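Counting starts at 1 for both ligands and their atoms, following the listed order. If you're wondering where the values come from, they're calculated on a predicted model, not measured in any experiment.
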Amino acid sequence: MSVGQNIRHDSAVSHVTGESIFIDDRPRLQNEVLVGVLGTPVSAGKIKKIDYSDALKLKGIFGIYTAKDFAHNKWGTIVQEQPIMVDDIIGYIDEPLCLIAVINDEVINQAKKLIKIEVEEIKAILTIDEALMAQSFICKATPFIRGDVESIFKKSPHVLKGVFECGGQEHFYMESQASIAYPLENGQIEIHSSSQHPTETQHVVAHALHLDFSQVVCVVKRMGGGFGGKESQAAQFAAMAALVASKLKRPARLVLTKDDDMMMTGKRHPFKNTYEIAFDNSGKILAFKSQLYANGGAYTDLTPSILDRAMFHIDGCYYFEHCLIEGAALRTNQHSNTAFRGFGGPQGNMTIESIIEDMANYLKIDSYEIRKINLYGINDRNITPYGQLVDNNVLPEIFNKLYVSSDYKNLALEIQKFNLAHSGKLRGLSMTGCKFGIAFTAKHLNQGNALVNIHLDGTVQVSTGATEMGQGVNTKMQQIAAGAFGIPFQKIVMMPTSTEKNHNTSPTAASSGADINGAATLLACEKILARLKWVAHLHFTGTVFNDKDELPAFVHGAVNTDHIIFENETVRCSLTNKKMTWIEVLKMAYFNRVSLGGYAFFKTEGLGFDKKTLTGKAFNYFTNGAALSVVEIDEYSGELKVLRTDILMDLGRTINPGIDIGQVSGAFVQGMGWVTTENLFYHENGKLLSHSPTTYKIPNIQDTPREFNIELLENHSNTQNVLRSKAVGEPPLLLGASVWTAIKNALHFRSKDQLPNITSPATNEVILMELSRYE
Ligand code: MTE
Ligand code: HPA
Ligand code: MOS
């Protein structure tokens, strides 16, 4: 059985040897052109004139294109309002304005200098506050209301009010946005893209060029990371490559430079959330009120869904009996913010974790005790503010187990002693949780399809809508198919994702890639298996095969074929103990004209949240976990070290523990980076100044916790998902917040009677400034 085993990632070897093919590794064709993108010079205003006549005279230039060259220049996943290239109104600085098609990329920079742009600049709206002043909204969400909030506030012993603020985050995938478009016959385009959403890329390319969807094929072999940044925004750049290809009738390659990618593309949404919380002397939450504000940037993109997910996660792991949760997204003159691992969930979850840390400091009770008494209950106190039952709730078990295994109590005592004994170094600890809802909140996206082809040498090709971005979805599907047929995983080959094999696919997102596509793969395998069992049954019973027979009833499940067992590359009849090999049954099927291909469709059952009535299930299930982090601060420099992190995650019955632990550690470190060093720094004119690895600091190996313990909880109860597994991709990112709350915990040892008050990211500078406030 390969399911549940530590099978290596299907690209592990080729990544290490350098043989893995990313977009820019595709060999250049002789007549191919390269495409560069010039961005707008200001954050807001109007384009008066673009003069590229001088640039066109350069040797090696094939053409310069603008908005006017597109049949349709608008795209957008939810609202089709975003220009592929700026037409007249500028949404943000460095927004794509001109495409430059060249033979070698040195000419791109020369051309950029020769293009003259006249603009009529207006004052830009850059922050949430400025947008609020200007009443510049992208959307307002339907609030979640429960109980009797106002009267509880009036009679509560304690009320804290405040603002939680967190910054954005750059995806920092290793492969920038990248596409190559190949013009085919009859106007058709084959586009190879680094995209999480081949179907949307297909649609946006087709619409931009006025082609039928059926004239465009989008192929995705893999991405060098996506992290949400290629869910919607890959499509825009693919459309640019496709435009040049169709204009010049040459293959066109567009691979953004790191700097252009960082300046032009959207990031995680910064949030600024106001709140009021009422609680009793023990720290039990009595009522909660919050107004979330997201900075959506210039266009709608996925912002409404991200705002929703932030609201769905502001409860964290904690029960709010009385609550009012409101949300709005602001339109600003910034890159259009987009999906980023967690999709608003981290911004919501961290708000309540921050508040609980404040409650602890205010009440002088350890924050763990406050978290513990507010956790969702098993038999009661288990309905979320949006009306979903938290069933199979393992949160109390997880928090308790981690408390014991980390020896929390003694750690906390040691830290207290350390802080009393030392000046110059300050330590803190905190445990935070994760209850991440699994499903696309847009119900229609919870569907997928799979195509499985078996070849006569016993090897199998699997194609689904899932895209591989490093997360290991291909490996999991390999294991699922291998498990179904009882053959070694090496016999299963995952094919590049392509819109001609799998249609109308959902993005590989919402952590549900393996859930949805794995389930579809299993169904497709089971369809073939039913036929093969028929063939084997006839053979074992000595029945002459008659291919005039309709596929008999047991293919459709009416006849029991449990006695035919596929394992270890053999097919066995448990009644007669007769056997044949996997290849023999395939040949027998083929020569008797029985199909060795399978196609299946899967949809997640039981979903259907109604915003108006707050009823119905928003999520299929929750992925839970908790993390304890210990940090050390240098009081003279504000420098931060994470001394230790312990994580306990519930991933159901894991398909591949090695890959899952990789996802947990990667997501945690990415979350930790978001709340500590990853500071997006903008000039006052709106220009992103931290647009390269030299100025934007993601965690490196020395920043990861010095001691890093990750355990998975044994849990086989998740019947909601394929093979009882649970989604892993995004949830552990939320746990990065434990580093930030641990910083708050450390600061409280010096903050005297004040509550530590920091924003996220808590850079060294933020920490030092906060310490100076206590002097
Ligand atoms: N892991 C790697 N190595 N690279 C990535 O780009 N993206 C994350 C997560 N893990 C990502 C990753 C995000 S944002 C999501 S939604 C999931 O993977 C998507 O894949 P899955 O649904 O197959 O888990
Ligand atoms: N999560 C991630 N990506 C998405 C979602 C979601 O809920 N909805 C649409 N795209
Ligand atoms: Mo992940 S943010 O859902 O692509």
Practice prompt. Out of Gly513, Gly662, Gly342, indicate the one that has the non-hydrogen atom closest to atom 22 (O) of ligand 1.
Written response: Gly513

Discussion item. I want to check a possible cation-pi pair here: Lys258 against Phe172, using under 6.0 Å from ring centre and within 45° of the ring axis as the test.
Written reply: yes

Item to complete: Any atoms of ligand 1 less than 4.0 Å from a non-hydrogen atom of Gly228? List them with their elements.
Response: 14 (S)

Worksheet, complete the sentence: For Ala514, the atoms of ligand 1 under 4.0 Å from one of its heavy atoms are 23 (O)

Practice prompt. State whether the shortest distance between N or O atoms of Phe340 and N or O atoms of ligand 1 falls below 3.5 angstrom.
Written response: no

Worksheet item: By number and element, which atoms of ligand 1 are closer than 4.0 Å to a non-hydrogen atom of Gly226?
Response: 5 (C), 6 (O)

Discussion item. Taking the six-membered ring for Trp, are Phe619 and Phe609 closer than 6.0 Å centroid to centroid?
Written reply: no

Item to complete: Give, for atom CD of Glu231 and atom OG of Ser195, the distance between the pair rounded to the nearest 0.5 Å.
Response: 9.5 Å

Practice prompt. Flag Gln471 as yes when one of its N or O atoms lies below 3.5 Å from any N or O atom of ligand 1, and as no otherwise.
Written response: yes

Worksheet item: Looking only at heavy atoms, is any part of Glu231 under 4.0 Å from ligand 3, and if so is it the side chain, the backbone, or both, or is it neither?
Response: side chain

Fill in: Per-atom contacts of ligand 1 with Gly470, taking only distances under 4.0 Å to non-hydrogen atoms
2 (C), 3 (N)

Worksheet item: With a cut-off of 4.0 Å, which atoms of ligand 1 are near a heavy atom of Ala509?
Response: 16 (S)

Worksheet entry | Set of residues that line ligand 2, where lining means a heavy atom lies under 4.0 Å from it | Glu231, Arg309, Phe343, Phe440, Thr441, Leu445, Ala509, Ala510

Worksheet item: Counting only heavy atoms, which portion of Ala510 has something under 4.0 Å from ligand 1: side chain, backbone, both, or neither?
Response: backbone

